[in-house]
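Accompanying notes for the structure given below.
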2 protein chains.
Amino acid sequence: MASKYMKIYNEIVSEIQNGNIEPRSMLKSESELMQEYSVSRDTVRKALNLLERDGYIQRLQGKGSIVLDINKFDFPVSGLTSFKELSERMGGRTRTYVKELALVKPNDFLMKHLNVSKDDEVWKVVRVREIGGKKIILDKDYFNRKFVPALTREICEDSIYEYIENKLGLKIGYAKKVITVQKASEEDIKYLDFDKFDMIVVVKNYVYLEDTTLFQYTESRHRPDKFRFVDFARRSR
Amino acid sequence: MASKYMKIYNEIVSEIQNGNIEPRSMLKSESELMQEYSVSRDTVRKALNLLERDGYIQRLQGKGSIVLDINKFDFPVSGLTSFKELSERMGGRTRTYVKELALVKPNDFLMKHLNVSKDDEVWKVVRVREIGGKKIILDKDYFNRKFVPALTREICEDSIYEYIENKLGLKIGYAKKVITVQKASEEDIKYLDFDKFDMIVVVKNYVYLEDTTLFQYTESRHRPDKFRFVDFARRSR
DNA sequence: GAGTGGTCTAGACCACAGG
DNA sequence: CTGTGGTCTAGACCACTCC
C-alpha cells in the first residue's frame with residue numbers, strides 16, 4: 001500500500017499542489033528521478049503514468065513531462081472524493097444535518113438500485129449539506145446492512161466514508177456516477193434553500209467494493225445554480 | 001500506435017462489448033494471455049491496467065480479473081467521444097444543422113477561454129443536434145485559425161474531429177469538461193425545441209493538443225430533461 | 001502447495017526532439 | 001549526436017486466495 005511508485009506519485013502530487021513545482025514547467029526527467037529516488041526506471045514510469053492519468057502532467061516523447069496548469073480547486077476531478085474531503089478543501093464553512101437515519105426494508109426502488117433482496121435490511125441516511133450558510137445539497141444514502149452493521153448520528157455528521165474505510169476496513173473499488181437533471185421534488189423543496197428554482201441536479205452514485213459487490217447507492221441532489229462538475233478526459237490511444 | 005499491448009487491449013474490449021466475454025465472469029489469467037499472445041507478462045499487464053482504468057475489469061489479487069457488468073450504452077464514459085461517434089452508437093436518428101460558420105475576431109470571452117490574442121482569428125461554429133426528431137443540443141465551437149486553416153459546412157455537418165485528427169493530423173491530448181446548469185439564453189430557446197424548460201445544462205469543454213496548447217473551446221448546451229452524463233471513478237490507492 | 005496478481009529490477013531497442 | 005520518453009523482455013520476490 002506504500003509502494004515505491006506510490007510514494008513518488010504522492011510526493012510529486014503534493015509538490016504540484018502546494019506550488020513547489022511550477023505549472024507549465026518541465027518535470028524532472030525519468031533518469032533524474034531514478035537517481036533521486038534510487039529506483040529503477042520502471043518504478044519511476046509507474047508513478048509518471050499515474051500522474052498523467054490523473055491530469056497532473058503531460059508526457060512528450062523526446063522532450064519530457066510538462067506540469068499542467070490546473071485549477072487546484074477542481075482537483076481531484078470526478079473522483080470519489082467525499083463531501084468531508086471536499087469541504088475541507090473549500091476551507092470549511094460547511095455543515096451537515098442528519099434528517100433521517102433508519103434501518104428500512106427495501107422497496108422496489110432499492111431492490112433495483114442496491115441489488116438487495118426482500119429479506120435484507122438497508123440503512124437509509126438523509127443528510128442536508130450547508131455551504132456558506134445555504135442548504136444546497138440533499139444526500140440520500142443507502143447501505144446494505146450486511147456490510148455496515150451499525151451506524152450512528154455522529155458518524156453520519158462526520159464522514160461515513162472514513163468510518164467505512166478505516167473502522168470497518170471495507171475497501172472501495174470503484175464507483176459509477178450518473179448525472180441528470182429533474183423536476184425538484186417536494187422533499188427537495190422542504191429541506192433545501194430553494195428560492196426560485198424548480199429543477200434539481202441528481203447525481204446517482206453506485207459504489208462498489210474491490211470484490212465488485214455493490215455496496216452503496218447514493219443520490220446527491222444539488223441546487224442547480226450551485227452545481228459544478230469537473231471532468232478530465234484523455235484520448236485513449 | 002499499434003503496440004502489442006494496445007492490440008491486446010482493443011481485442012479484449014471488443015470481445016467484452018460484443019458479448020463474447022461474459023460480464024461477471026473471470027478473464028483469462030495473465031499467464032494464459034502471455035501464451036495466447038506470445039508476449040511477456042509486462043505487456044499483458046499494460047493491457048490489463050488500461051482495461052481496469054477504463055472500467056472494463058476489476059483485478060483481484062490472488063484470484064484473477066473479473067469482467068465488469070456495465071451498460072454498454074454508457075461506454076465510453078466521460079471520454080472525449082464526439083457527437084458523431086455517439087450518434088453512431090445510438091443507432092442513427094440524429095441530424096446536425098450548421099447555423100453559423102464564420103471567422104471572427106476574438107472578444108473578451110474568447111480571449112479568456114481560448115487563450116488567444118486580439119490579432120488571432122477564430123473559427124466560430126454553431127450547430128444544432130437533433131436526436132429522435134427533437135432539437136436537443138446546441139453546440140458552439142471555437143477553434144484558433146492557427147491550427148485549423150480551413151473549415152467547410154460539409155466538414156461541420158460530418159465530424160470536425162475526424163477532419164482534425166485524420167486530415168490535419170493534429171493530435172488531441174486531453175480535455176477538461178466543466179458541467180453547470182444555467183438559465184436558458186434566448187439563443188437556446190430560438191434554436192432548440194424547448195417546451196417548458198427555462199434552464200439549460202452547459203458543458204464547457206477545453207480541448208488541448210498533445211503539446212498542451214489549448215486548441216478548442218466548446219460549449220455544449222443540453223436540454224435538461226435529455227441530459228445524461230456517466231462517469232466511472234476509481235479510488236486511487 | 002499451486003496459482004493468482006503486485007512490485008521491482010536491469011537491460012535492450014526504438015522513436016522523437018533539438019542542437 | 002545526446003537526451004528524452006515508449007515499448008518489450010526475462011527474471012525475481014512478495015502477498016493473497018483457494019484447496
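Throughout, protein chains are lettered first and strands after them, A, B, ... in sequence-line order, and every chain is numbered starting at 1.
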**Prompt:** What nucleotide among C:dT9, D:dG5, D:dA15 has an atom nearest to a side-chain atom of A:Q61?
**Reply:** D:dG5

**Item:** Separation of atom NZ in B:K28 from atom C1' in C:dG3, rounded to whole Å
**Value:** 17 Å

**Request:** For A:D211 and C:dT4, give me the distance from atom CG to atom P, rounded to whole Å.
**Result:** 20 Å

**Message:** Below the 4.0 Å mark, does D:dG6 have OP1 or OP2 next to a side-chain nitrogen or oxygen of B:K46?
**Reply:** no

**Prompt:** Do B:S14 and B:Q17 get their side chains close enough for a donor-acceptor pair, meaning under 3.5 Å?
**Reply:** no

**A:L68 vs B:Y208 side-chain heavy atoms within contact, under 4.5 Å** = no

**Request:** Let me know the distance between CE of B:M34 and P of D:dT9, rounded to the nearest Å.
**Result:** 9 Å

**Item:** Spacing of B:L60 atom CG relative to D:dC16 atom P, expressed in whole Å
**Value:** 13 Å

**Message:** Below 30° counts as parallel, above 60° as perpendicular, anything between as tilted: where do the rings of B:Y142 and B:Y217 land?
**Reply:** parallel

**Asked** OP1, OP2 of D:dC8 versus side-chain N and O of B:Y5: anything below 4.0 Å?
**Response** no

**Prompt:** Closer than 4.0 Å, any side-chain N/O of A:T43 to the OP1 or OP2 of C:dT9?
**Reply:** yes

**Prompt:** Are any of B:S40's side-chain N or O atoms less than 4.0 Å away from OP1 or OP2 of D:dA10?
**Reply:** no

**Asked** Does a side-chain N or O from B:S31 land closer than 4.0 Å to OP1 or OP2 of C:dT4, or not?
**Response** yes

**Asked** How long is the line joining CZ of A:R59 and P of C:dA15, in whole Å?
**Response** 18 Å

**Asked** If we only count heavy atoms from C-beta on, is the B:Q216 to B:Y161 side-chain gap below 4.5 Å?
**Response** yes

**Item:** Nearest-nucleotide pick for B:V39, side chain only, options being D:dG5, D:dT9, C:dT9
**Value:** D:dT9

**Asked** Is the phosphate of D:dG3, meaning OP1 or OP2, less than 4.0 Å from a side-chain N or O of A:S29?
**Response** no

**Request:** Could you tell me the separation between the CG atom of A:L48 and the P atom of C:dC8, rounded to a whole number of Å?
**Result:** 14 Å

**Request:** Assign each of A:K63 and B:R41 to its nearest nucleotide of DNA chain C by heavy atoms, then name whichever residue's nucleotide is nearer the 5' end.
**Result:** B:R41

**Message:** From CE of B:M26 over to P of C:dG3, roughly how many Å is that when rounded to an integer?
**Reply:** 16 Å

**Message:** Using the rule given for salt bridge (charged side-chain N to carboxylate O under 4.0 Å, His left out), can you reason through B:D231 versus A:K176, listing the C-alpha separation, both sets of side-chain angles and the distance that settles it, and then say yes or no?
**Reply:** CA-CA 6 Å; B:D231 180 55; A:K176 181 177 148 176; over 6 Å; no

**Message:** With nearest nucleotide decided by heavy atoms, which residue, A:G62 or A:R45, maps closer to the 5′ end of DNA chain D?
**Reply:** A:G62

**Fill in**
From CD of A:Q35 across to P of C:dA10 the rounded distance in Å is 13 Å

